[in-house]
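Just so we're on the same page: letters track the sequence lines, and every chain starts at 1. If you're wondering where the values come from, they're calculated on a predicted model, not measured in any experiment.
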Number of protein chains: 2
Amino acid sequence: MNIRDIAKKTGVSVATVSRFLDPQKKDLVRAETREKIDRIIRKYHYSPNRTAQALSRQINNTIGMVTPLSPDVVKSPYFEGLIAGIIEGIGPLAYDLKWIMIRNEDREYCNLHEILREHSVDGLIFLTWRLSTNLVDEVQHRTDVPAVLINDYSPSVRCSIVYCENRSGVKKICSHLTSKGYKRIGMLKGPEYISLDARERFSAFKSSGKKMGFRVRDPFLYECPRFEEEAGYQTMKLWVDKGNLPDAIFCANDGLAIGAIRALNESKIKVPKDIAIVGYDDSPRNETTNPPLTSVRQPLEAMGKAAVETLVKLVSKEAKGAIRLKFEPELIVRESA
Amino acid sequence: MNIRDIAKKTGVSVATVSRFLDPQKKDLVRAETREKIDRIIRKYHYSPNRTAQALSRQINNTIGMVTPLSPDVVKSPYFEGLIAGIIEGIGPLAYDLKWIMIRNEDREYCNLHEILREHSVDGLIFLTWRLSTNLVDEVQHRTDVPAVLINDYSPSVRCSIVYCENRSGVKKICSHLTSKGYKRIGMLKGPEYISLDARERFSAFKSSGKKMGFRVRDPFLYECPRFEEEAGYQTMKLWVDKGNLPDAIFCANDGLAIGAIRALNESKIKVPKDIAIVGYDDSPRNETTNPPLTSVRQPLEAMGKAAVETLVKLVSKEAKGAIRLKFEPELIVRESA
DNA sequence: ATTATTTTTGTAACCGGTTACATTTTCGGG
DNA sequence: CCCGAAAATGTAACCGGTTACAAAAATAAT
């Protein structure tokens, strides 16, 4: 049952039916005719074929959410928050959401126009963490494709972006720690190659150290192989064995922090009495760790929502050029520091 | 740049280019011609328009994942697990994934064919928890639309379904508890109207009681208003105040259990020494609760993956009729019971 | 060289909508 | 009752692919 069938059965032309279907043009059709068409459409349960509409209008009314292809994605509180925001943002809109997963192996596959055409979407939101840097590089430099990057900010980025400054979050942590009197502050780093975040958090830590007068020296610095609890645990174990611990540790994310706390607990080192621990990202679990973990929260939901809204503005050409939205992280003080 | 442009520039017809583009038919084209086309396509970065292909082939190569519209979805370990499985399942396939969110208010909007057409998808996976029952009802009785339901099993369901038996999980819990010597076993129920799960878990609990010889009586039965930690906490508080506690409690899901434990801890009632607590669903948090929570795990990832694979079989007509896959839940014994 | 086969290519209709433009209807005013 | 403007409708091309069928080219057989 297509639009021509409906037209024939109603005794009008396809143009009239098409106009009837378009809320914008509905009142170009005489009331009487509207009723006739309406009756037939109901009778045959007709609904227009979205694919045909998309082809004809050259608009898919669909946006793509690009993530790395990994089941972990939905299990990470970081993505969770962003995705929740995206869902919330897209809910009231007449857009569909397509989830485009990219495996890191597909590095060459990095033409943005191609992605748009091959997935039938009008715009893209990139949740890039751990994602092939080639692609992200291209996104960062393109301004002619409706795309919004989340959190891969650097001054050279030229595309639209929604981000939350790492520097200011790290600064908040460091001044919190120094104001509490901690002098020997260490850091459990993540692997730098993985993301800008990792690099920024470390670099901000170093510069905070300079400003606030604590030294960022070798034995107070450990790099974990991955951003995960187990890695934090193992690395902290190592650190404890070597001895020479600082009196506060900033962990590059909550997973590392939770792992570290577990290692410390096992070695009967009390948190925060003996060592203060701070995480980053504020996962929901932090409320129930022992002790509850002080951390920095990015307003992930708000960011996800903003990303959708921004993208839709670009797609609908309500706005043009690159839009940049900066969000502020918030220090959540609990008991671990 | 469309297929006609490419054809013209190469000096061949659109049919030839189209054949070249289709891996199935590529070798119908002479090698020499292939090279020419290939050169032009590369030169102009042509890639076919997926929307047009979809219209013409009458296949979108896209499946829809239907969930309630709520940011909580991604934050629930239940959905998380399923979605992780769906991602994993769809990864190696040439299908796209569209996330279709349905708000409960849209109850009338429940024609399956309509959903397929209006979202340009070939099949649907329903993650139905808390979803408008009208729609689910329709799915359950339709067998002519490629759709897979997850976990809304009842004997009257006629569509394809992937599910994990509640009854057998509850039975495992109850026999674990009785074998540990608990005699007075209570239950913290969820609200029954919300889902079949809620009803089934309760009914299985009752029948286990009958078989294993513990009484399911009034003061050992409390219903929480929602399936959430806070509700479990509040209700347990109430229960403690009233006194007359059982020596083991089966909580209808982990959230309730965790809330209950918190309430008990506050009242200096020791788990499991004074009261044993068991949850259901085995969220990741259970490992780090205090004490770690005994629970029942559904193989959510496997189920999500199976749902995708089943759906794709239906869509591609590799299989027809309704497919039912039953998974077994697993009792995860930790320290709380 | 001619004919029969097999390969390769081309033409044109089709998928199901939208829309510019032309045409017909309707209706008020003279 | 006729004219002209406004309102309503219709025609046909177009979006960018696929594919049945026809035609042409290449190859094999005689």
Side-chain angles (χ1 to χ4, degrees), chain A residues 1-38 40-41 44-62 94 96 113-114 116-122, chain B residues 1-38 40-41 44-62 94 96 113-114 116-122:
Chain A
M1 190 62 44
N2 63 30
I3 200 173
R4 282 166 236 263
D5 296 325
I6 297 296
K8 197 170 297 167
K9 291 199 193 291
T10 317
V12 298
S13 73
V14 289
T16 305
V17 179
S18 179
R19 282 189 277 260
F20 172 87
L21 257 16
D22 183 344
Q24 310 271 337
K25 300 187 184 153
K26 199 160 192 156
D27 34 352
L28 291 183
V29 179
R30 191 154 45 124
E32 204 181 318
T33 315
R34 279 204 296 255
E35 269 187 28
K36 278 196 290 182
I37 299 177
D38 194 49
I40 299 292
I41 285 183
Y44 293 97
H45 292 110
Y46 167 78
S47 69
N49 178 318
R50 180 100 175 270
T51 306
Q53 284 184 323
L55 176 60
S56 168
R57 295 183 178 152
Q58 298 284 78
I59 275 273
N60 290 291
N61 274 288
T62 300
D96 272 3
H113 279 295
E114 238 169 79
L116 290 180
R117 303 189 73 180
E118 293 189 357
H119 295 281
S120 292
V121 294
D122 307 315
Chain B
M1 190 62 43
N2 63 30
I3 199 174
R4 282 165 237 266
D5 296 326
I6 297 297
K8 196 170 299 168
K9 291 199 195 293
T10 316
V12 299
S13 74
V14 287
T16 305
V17 179
S18 179
R19 282 189 279 259
F20 171 87
L21 257 16
D22 182 344
Q24 310 272 337
K25 300 187 184 153
K26 198 158 193 158
D27 34 351
L28 291 183
V29 179
R30 190 154 46 129
E32 202 181 316
T33 316
R34 279 205 295 257
E35 268 187 28
K36 276 195 291 181
I37 299 177
D38 194 49
I40 299 291
I41 286 183
Y44 293 96
H45 292 109
Y46 168 78
S47 70
N49 179 319
R50 180 100 176 269
T51 306
Q53 284 183 323
L55 176 60
S56 168
R57 295 184 179 154
Q58 298 286 76
I59 272 273
N60 291 291
N61 274 287
T62 300
D96 271 2
H113 279 296
E114 238 170 79
L116 290 180
R117 304 189 72 180
E118 294 190 355
H119 295 281
S120 292
V121 295
D122 307 315

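In this structure, CD on B/Glu114 lies 10.5 Å from CG on B/Leu116, to the nearest 0.5 angstrom. Interatomic distance, A/Ser18 OG to A/Lys25 NZ, rounded to the nearest 0.5 Å: 6.5 Å. Taken to the nearest 0.5 Å, the CD1 atom of B/Ile37 stands 9.0 Å off from the NZ atom of B/Lys26.
Nearest heavy atom pair, residue B/Ala94 against residue B/Asn61, reads O-OD1, 3.5 Å. Of all heavy-atom pairs between A/Tyr46 and B/Arg117, the closest is CD1-NH1, 4.1 Å.
Listed by first and then second residue, the salt bridge (charged side-chain N to carboxylate O under 4.0 Å, His left out) pairs that reach into residues 45-60 of chain A are A/Arg50-A/Asp96, sequence neighbours excluded. Residue pairs meeting the side chain to side chain donor-acceptor pair (under 3.5 Å) criterion with at least one partner in residues 4-14 of chain A, sequence neighbours excluded, are A/Ser13-A/Thr16.
From one end of the helix from C/dA1-D/dT30 to C/dG30-D/dC1 to the other, with five pairs defining each end axis, the axis direction shifts by 50° (rounded to 10°).
Using a 4.0 Å heavy-atom distance criterion, B/Arg117 is classed as a sugar-phosphate-only contact.
Less than 4.0 Å separates DNA chain C from at least one heavy atom of each of the following residues of residues 44-58 of chain B: B/Leu55, B/Ser56, B/Gln58. The stretch residues 9-25 of chain B touches DNA chain C through B/Gly11, B/Val12, B/Ser13, B/Val14, B/Ala15, B/Thr16, B/Arg19, each having a heavy atom within less than 4.0 Å of the strand.
Atom NZ in B/Lys8 sits about 15 Å away from atom C1' in C/dT11, given to the nearest Å. B/Asp27 places its CG atom 15 Å from the C1' atom of C/dT9, with the value rounded to the nearest Å. Rounded to a whole Å, the CD atom of B/Glu32 is 12 Å from the C1' atom of C/dT8.
Here chain B contacts DNA chain D (any atom closer than 4.0 Å to a heavy atom, that is under 4.0 Å), and the contacts span D/dG16 to D/dT19 from 5' to 3'.
No side-chain donor-acceptor contact under 3.5 Å links A/Arg19 to the backbone of A/Leu28. At distances below 3.5 Å, at least one donor-acceptor pair connects side-chain atoms of A/Arg34 with backbone N or O atoms of A/Val29. For the pair A/Ser120 (side chain) and B/Thr51 (backbone), a donor-acceptor distance under 3.5 Å is present. Put simply, the side chain of B/Asp122 gets close to the backbone of B/Asn60: a donor and an acceptor are under 3.5 Å apart.
Just one of B/Asp27, B/Ile41, B/Thr33 meets the side chain to side chain contact (heavy atoms under 4.5 Å, CB included) condition when paired with B/Phe20; it is B/Ile41.
Positionally, the nearest nucleotide of DNA chain C for B/Leu28 lies more toward the 5' end than for the other of A/Asn2 and B/Leu28.
Using a 4.5 Å heavy-atom threshold, the side chains of A/Val121 and A/Thr62 count as touching.
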